[in-house]
Amino acid sequence: NAGVTQTPKFQVLKTGQSMTLQCAQDMNHNSMYWYRQDPGMGLRLIYYSASEGTTDKGEVPNGYNVSRLNKREFSLRLESAAPSQTSVYFCASSESREGEQYFGPGTRLTVT
Amino acid sequence: EDQVTQSPEALRLQEGESSSLNCSYTVSGLRGLFWYRQDPGKGPEFLFTLYSAGEEKEKERLKATLTKKESFLHITAPKPEDSATYLCAVSIPYSGGGADGLTFGKGTHLIIQP
C-alpha cells in the first residue's frame with residue numbers, strides 16, 4: 001500500500017501561471033482533503049470531498065478549484081498563481097468524515 | 001470562533017526526561033481530537049484519536065489523554081528519535097456549520113538531546 005501519493009513534490013511557478021496538483025489514495029477511502037501549511041499558521045483546509053461526486057469549500061478556498069475525478073483521485077488547481085499561494089500543500093484521506101485522516105508527503109510550491 | 005492552542009511552542013528535553021505537551025481547545029461540540037507527528041519535510045503521521053473526556057490511548061512511549069477542555073500528550077523516557085513537531089487537531093460537527101476536515105493547532109516542536 002502506497003497510502004496517499006502526491007505529485008509533483010516540488011514546483012516553481014511564475015505569477016499568473018496555472019498548475020494542477022495531483023493526489024491519489026489506495027486505501028479505498030471515501031473522503032479526501034486538501035490543506036496548505038504555512039510557517040506560523042499551521043495547517044488550513046482548502047477544499048474537501050466528503051464522498052465521490054461531492055466537493056465543498058474549507059477555510060481558505062479563494063484562488064483554488066478542485067476535482068474529485070473518481071474515488072481514488074482528488075486534484076487541486078491553481079488557475080492564476082499568486083505569491084500568496086507559496087506554501088506546502090498536503091492531500092489527506094479518511095474512511096469516513098469522522099475518522100482519522102492520512103496525509104501524503106506534500107508538494108512544495110513557490111510562486112515568484 | 002473555534003480554536004486550538006498548543007503549548008509550549010518548543011520544548012527541549014534530555015534523553016529519558018519525561019514531559020507533557022498540551023492542547024487546549026474551544027469548540028462547539030467536539031467530534032474527535034487527533035494527535036499527529038510531523039518530521040521535517042514530511043506529511044503529518046497519525047498517532048491517536050480521542051473521542052470523549054476520560055479516554056486514554058498509548059503507543060510505545062506516548063500516551064494521549066482527553067478532558068473536556070484539553071488534551072495532553074505524555075512522553076515517557078523519550079529518545080532522540082522522538083524529536084519531531086507534534087500537532088493536535090479537532091473535528092467539529094459538520095451539521096453545526098463547520099466544514100469537514102480538521103482544525104489544527106500550530107504544533108509543539110520537540111527536541112530530545114542525547
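Residue numbering restarts at 1 for every chain, and letters A, B, ... go by the order of the sequence lines. Because the structure is predicted, anything quoted here is derived from the model rather than measured.
Around CD of A:E95, the count of heavy atoms belonging to other residues, nucleotides or ligands within 6.0 Å does not exceed 12.
By a heavy-atom distance cut of under 4.5 Å, B:Y51 are the residues of residues 51-79 of chain B near chain A, going up by number. Within residues 104-113 of chain B, the residues approaching chain A closer than 4.5 Å by heavy atoms are, in numerical order, B:F104, B:G105, B:K106.
Note: the hydrophobic cluster containing A:V4 also contains A:L45 (ILVMFWY, side chain heavy atoms under 4.5 Å, direct or indirect links).
Side chain of B:R31 to main chain of A:G99: no donor-acceptor pair is present (N/O by atom type, distance under 3.5 Å, no hydrogens or angles). With hydrogens and angles disregarded, a donor-acceptor distance shorter than 3.5 Å links the side chain of A:Y35 to the backbone of B:L102.
Residue B:E45 holds its CD atom at 10.0 Å from OH of A:Y102, rounded to the nearest 0.5 Å. In this structure, A:S94 OG and B:F34 CZ are separated by 8.0 Å, a value rounded to the nearest 0.5 Å. Between the CZ atom of A:F90 and the CD atom of B:Q38 there is a distance of 5.0 Å, given to the nearest 0.5 Å. Rounding to the nearest 0.5 angstrom, the gap separating the OG1 atom in B:T103 from the CD atom in A:E59 is 7.0 Å. In this structure, the separation between CD on A:E100 and OG on B:S91 is 11.0 Å, given to the nearest 0.5 Å.
Heavy atoms closer than 4.5 Å to chain B are found nowhere in A:R44, neither backbone nor side chain.
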